[in-house]
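Accompanying notes for the structure given below.
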2 protein chains.
Amino acid sequence: MIVLLLFLRLKYSEMQNLLKNLKVVVHDKLYLKDPETSDLGKRIVGESITLIDDMGFECFTFKKLGDRIGSNESSIYRYFENKHKLLLYLTSWYWGWMEYRLVFATNNISDSKEKLKKAIDILSEEVKEDSTYSHIDEKALNAIVINEYSKSYLTKEVDKENKEGFFAIYKRLVGRVKDMILEAQPDYGFAASLASTTVEGVLHQHFLMQHFSSLTSCSKTVAPKDFFTDLLFSSLNLETHA
Amino acid sequence: MIVLLLFLRLKYSEMQNLLKNLKVVVHDKLYLKDPETSDLGKRIVGESITLIDDMGFECFTFKKLGDRIGSNESSIYRYFENKHKLLLYLTSWYWGWMEYRLVFATNNISDSKEKLKKAIDILSEEVKEDSTYSHIDEKALNAIVINEYSKSYLTKEVDKENKEGFFAIYKRLVGRVKDMILEAQPDYGFAASLASTTVEGVLHQHFLMQHFSSLTSCSKTVAPKDFFTDLLFSSLNLETHA
DNA sequence: CAAAAATAATAGTAATACTATCATATTTGC
DNA sequence: GCAAATATGATAGTATTACTATTATTTTTG
């Protein structure tokens, strides 16, 4: 689906309408039953996002989610094996959504520097509205990714789950950033590390802004985007202006 | 203690002997009873490091630790309130140890670029030996910091715990890196973000080397140090060679 | 409208994360 | 050397978590 978009030239404003008719595809072993196929499934996904955002992933349980959506714990277990898989599902969805927006926003830019700059914009901008999908609050999901994403891979099962492909979307996204870096500067020797540092670092800087302001230069006037644009263009030895 | 060292000129080889007579000081509300003051306490700290490294923080319990050290769960609870506090204790200790090594290795360097380069070395080098302290396996502790550190602050209690000073050592360390960045390039506008990105990013690159090799440029021949040295010197607009 | 599928309700289990109490060692201060 | 204090160990108990299993009740659909 996303590949198709490379041949399209659509205005940014049309993206939201388009996305409404597309489904972000996540690995089908992350769920027992596709939550997109039923009303209950959508409520599970939708309310789990706001609940995890409210209480944090550690405190979140399927029992509490059941109470919240007026359903039963056992029904939730028919959609997701456990809350770890649910987190993988939600964050995969997020990265799929991010990848879509990244590809969409950059596909019609021919200048490699402009393209990279746009990519940094998309990756680091604060998500402000939960607009695109009716049942998914993208702003809350963005907060979850900032606060919980690393818990999804900092586990003893990471190699097994990686082999199963549970991190495929994230890896593909980092790979796209890496490719854009190399397009802008083919000689650069650390493209993969710079890409992963950027994707991860953006989340970290947002976290620091909220909880450790002395550890970040970002504030109301300086955005993570400014820091990372400077960082990437300096290390690639490129001028910031096109 | 560390301040004193600024006025000393000791060989690197003497550091280990010196450290043996110094105690890394962590926040005293992280423990109920100082584990350094008893044999049991040292076994708790020492064995918790290898046990967490072996089984991961999620699977680790005080009951299992009690079994391992031939002691009782209830005795461990007299030293640490819970395993979260123990993790904060261990990681604080690690960052205190790192800060010590950083200050020691850089204090006698007058050239600001050389100093920064040395700081990157210390921060990003793989810890190979558990040499300095008899009861602490620094190599295993380094692995714990790579795999578990972010779990210590990605919690709902982070602001309260930050106010209590539980992250003071880490913040001071990042502050030192920030100061060195500004010493080398006073005009640079994102010193705090570059410092936090480096300290955090080094851990992340080590993790990626172990589990997501496609997301990093680091390998057996390229060290995280090489990437971060290039990254910092480029963004500070400095030449790598002194 | 009957059969199938989805959901809800209930019960039960093993493990976790503790707290409380009491018993027994070990240390120490006189 | 002994009593008092302190440290450690053993046992028991609780609420919660993270499930699994079974059965009952709705809802959907051919």
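Chain naming here is simple, since letters A, B, ... match the order of the sequence lines and numbering starts at 1 in each.
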Review point. Salt bridge (charged side-chain N to carboxylate O under 4.0 Å, His left out) with B:E47: which of B:R68, B:K42, B:K64?
Key: B:R68
Review point. Considering heavy-atom distances to DNA chain D, does A:R78 or A:F60 have its closest nucleotide positioned more toward the 5' end?
Key: A:F60
Review point. Do A:K128 and A:E138 sit within salt-bridge range, that is, some charged N less than 4.0 Å from a carboxylate O?
Key: no
Check your understanding: Which sits closer to the 5' end of DNA chain C, B:F62 or A:S75, going by the nucleotide each is nearest to?
Key -> A:S75
Exercise for review: Check the distance between C:dA8's P and A:I76's CD1 and give it to me in whole angstrom.
Suggested key: 9 Å
Practice item. Calculate the interatomic distance between A:L40 atom CG and C:dA5 atom P; express it in whole Å. Key: 18 Å
Review point. Nearest-Å distance, CZ (B:F57) to C1' (C:dT16)?
Key: 13 Å
Check your understanding: Can you tell me how far P of C:dT7 sits from CG of A:L65, to the nearest Å?
Key -> 14 Å
Practice item. Assign B:Y79 to base, sugar-phosphate, or nothing according to its heavy-atom contacts below 4.0 angstrom with the strands shown. Key: sugar-phosphate
Review point. Within the structure shown, what part of the strands sits under 4.0 Å from B:T61 by heavy-atom distance: base, sugar-phosphate, or nothing?
Key: sugar-phosphate
**Study point:** Distance, rounded to the nearest Å, where A:E73 contributes CD and C:dT10 contributes C1'
**Key:** 11 Å
Name each donor-acceptor pair under 3.5 Å that joins a side chain in residues 152-160 of chain A to protein atoms two or more places apart or in another chain, with its distance.
residue : atom : partner : partner atom : Å
A:S152  : OG   : A:Y149  : O            : 2.7
A:Y153  : OH   : A:E200  : OE1          : 3.2
A:T155  : OG1  : A:E157  : N            : 3.3
A:T155  : OG1  : A:V158  : N            : 3.3
A:K156  : NZ   : B:D53   : O            : 2.9
A:K156  : NZ   : B:D54   : O            : 3.4
A:D159  : OD1  : B:H211  : ND1          : 2.7
A:D159  : OD2  : B:H211  : ND1          : 3.3

Review point. How would you give the extent of chain B contacts on DNA chain D, as first and last nucleotide 5' to 3' within a 4.0 Å heavy-atom cut-off?
Key: D:dA7 to D:dT11
Review point. Can you tell me if the side-chain N/O atoms of B:K63 get under 4.0 Å from OP1 or OP2 in C:dA17?
Key: no
Point to revise | Face-on cation placement of A:K171 at B:F212 ring, 6.0 Å and 45° thresholds | key: no
Review point. CD1 of A:I44 versus C1' of C:dT7: gap in Å, rounded?
Key: 10 Å
Review point. Do we see a donor-acceptor contact under 3.5 Å between the side chains of A:E148 and A:T91?
Key: no
Check your understanding: When all nucleic acid strands are considered with a 4.0 Å heavy-atom cut-off, which category describes B:Y77: base, sugar-phosphate, or nothing?
Key -> base
Study note, to complete from the structure: Nearest-nucleotide check on DNA chain D, A:S74 vs B:K33; residue mapping nearer the 5' end is B:K33
Practice item. Can you tell me the distance, in whole Å, between the CG atom of B:N72 and the C1' atom of C:dA25? Key: 14 Å
Point to revise | Working for side-chain hydrogen bond (donor to acceptor under 3.5 Å, both in side chains), residues B:S38 and B:Y79 | key: CA-CA 10 Å; B:S38 75; B:Y79 284 85; 2.5 Å; yes
Point to revise | Reported CZ-to-OG1 distance for the pair B:F207 and B:T216, which is rounded to 0.5 angstrom | key: 12.0 Å
Point to revise | Nucleotide C:dT7, atom P - distance to CG of A:L32 in whole Å | key: 13 Å
Check your understanding: Looking for any heavy atom pair under 4.0 Å, which part of the strands does B:E58 touch: base, sugar-phosphate only, or nothing?
Key -> nothing
